[in-house]
Amino acid sequence: MVLGLALLAVIVVLVGLYLLFYGGFDGPIEWAMKGRTQRTLETQAKVVALTFDDGPDPVRTPALLDVLAEQRAPATFFVLGDAAEMHPGVIARIARDGHELGNHTYSHRYLPLARSRSVERELAQTDRAIATAAGVIPKVARPPWGGRRPGTVRAFARLAKRLVTWDVNSDDWKGAPADALVARVLERTRPGSIILMHEARTGGEVTIEAVRKLIPALRARGYELVTVSAGTQLA
Ligand SMILES: [Zn+2]
């Protein structure tokens with residue numbers, strides 16, 4: 001009896017934690033957030049969006065921008081406010097090169113553990129850093145690790161941000177070689193996919209090398225590369 005109650009309590013706590021601290025995956029809690037998360041471009045057209053999180057990095061991000069410029073491929077950069085303040089020139093170049101800037105919070109906090117007001121502050125500070133550097137205010141934002149709860153989603157909505165996650169995780173941070181990253185992404189990509197990558201991290205050179213090979217491979221399969229907002233408008 002006591003054991004049964006203890007087990008029940010554990011289950012209740014686990015379900016409660018799941019409901020409260022929900023990461024970047026599909027799940028039943030999505031109904032409480034009124035389906036406001038955008039995981040794909042929501043189109044059957046053969047378009048895909050490359051997205052790069054956690055930058056800008058003063059060396060790796062320009063190296064990636066060189067590859068994207070060579071291949072004339074647009075992408076979307078979900079940047080951090082603190083890094084944007086440190087490297088405004090890189091933010092300005094991202095915009096100048098025709099890419100989309102997205103808001104990835106100021107300090108890369110796990111938002112399900114943050115108060116709604118802190119979430120709003122994180123987004124607003126990052127907007128200011130991006131606007132100062134590039135003269136644009138992002139329309140899209142992505143919570144770190146995709147982590148969100150209903151209060152997070154409402155805070156994003158109050159700042160007029162579309163909450164964008166991804167459907168294809170390159171897992172590039174795990175350290176696989178470039179060819180393996182390319183194969184993994186190609187295998188998972190569907191029309192309208194949003195692909196998650198990280199060029200700014202230590203080891204991001206491998207991601208950049210993968211992108212150099214991935215873009216022609218996607219085009220050979222009939223995909224057009226778009227920014228998140230341009231691709232979503234096509235839907
Ligand atoms: Zn991140």
Side-chain angles (χ1 to χ4, degrees), residues 21-27 33 36-40 48-65 68 75-88 90-91 94 99-114 118-130 133-134 138-149 151-153 155-156 159 161-176 181 184-185 188 193-208 210-211 214 227-229:
F21 305 131
Y22 169 72
F25 306 97
D26 279 308
M33 305 196 241
R36 286 203 193 117
T37 297
Q38 183 184 343
R39 202 170 278 104
T40 70
V48 291
L50 295 179
T51 66
F52 298 94
D53 286 14
D54 302 353
D57 176 86
V59 176
R60 297 183 187 97
T61 303
L64 172 63
L65 289 168
L68 295 173
T76 303
F77 289 80
F78 289 94
V79 299
L80 296 169
D82 61 356
E85 280 177 359
M86 276 188 281
H87 312 294
V90 183
I91 296 292
I94 290 171
H99 305 295
E100 179 167 19
L101 281 158
N103 187 323
H104 194 42
T105 75
Y106 190 83
S107 58
H108 211 266
R109 283 180 70 181
Y110 186 57
L111 301 183
L113 295 173
S118 309
V119 175
E120 287 181 37
R121 202 159 46 230
E122 288 264 344
L123 291 174
Q125 274 181 298
T126 305
D127 271 358
R128 268 199 298 279
I130 293 171
K139 288 182 275 202
V140 292
R142 175 178 281 167
W145 301 284
R148 61 204 185 278
R149 59 183 175 85
T152 318
V153 174
F156 274 53
L159 284 171
K161 301 293 176 228
R162 227 170 41 245
L163 195 159
V164 175
T165 56
W166 59 86
D167 66 316
V168 177
N169 191 339
S170 69
D171 274 358
D172 53 356
W173 53 273
K174 287 187 180 171
L181 288 185
R184 179 186 163 87
V185 170
R188 286 164 172 74
S193 279
I194 296 178
I195 300 165
L196 169 66
M197 306 188 101
H198 305 80
E199 92 290 0
R201 71 200 163 84
T202 305
E205 293 77 9
V206 177
T207 294
I208 298 167
V211 168
L214 180 61
T227 63
V228 168
S229 287

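Counting starts at 1 for both ligands and their atoms, in listed order.
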What's the separation between atom OG1 in Thr227 and atom CG in Leu50, rounded to the nearest 0.5 Å?
11.0 Å
Side chain to side chain donor-acceptor pair (under 3.5 Å) for Glu199 and Thr207? Distances and angles first, verdict last.
CA-CA 6 Å; Glu199 92 290 0; Thr207 294; over 6 Å; no
For the Zn ion (ligand 1), what is the number of protein N, O or S atoms at a distance under 2.8 Å?
3
Sub-4.5 Å side-chain heavy-atom contact between Pro56 and Ile91:
yes
Between the side chains of Asp167 and Thr40, does any donor sit under 3.5 Å from an acceptor?
no
Out of the candidates Asp53, Thr165, Thr37, only one should pair with Arg142 under the side-chain hydrogen bond (donor to acceptor under 3.5 Å, both in side chains) rule; please name it.
Asp53
Closest heavy-atom pair and its distance - Pro144, His104:
CA-CE1, 3.5 Å
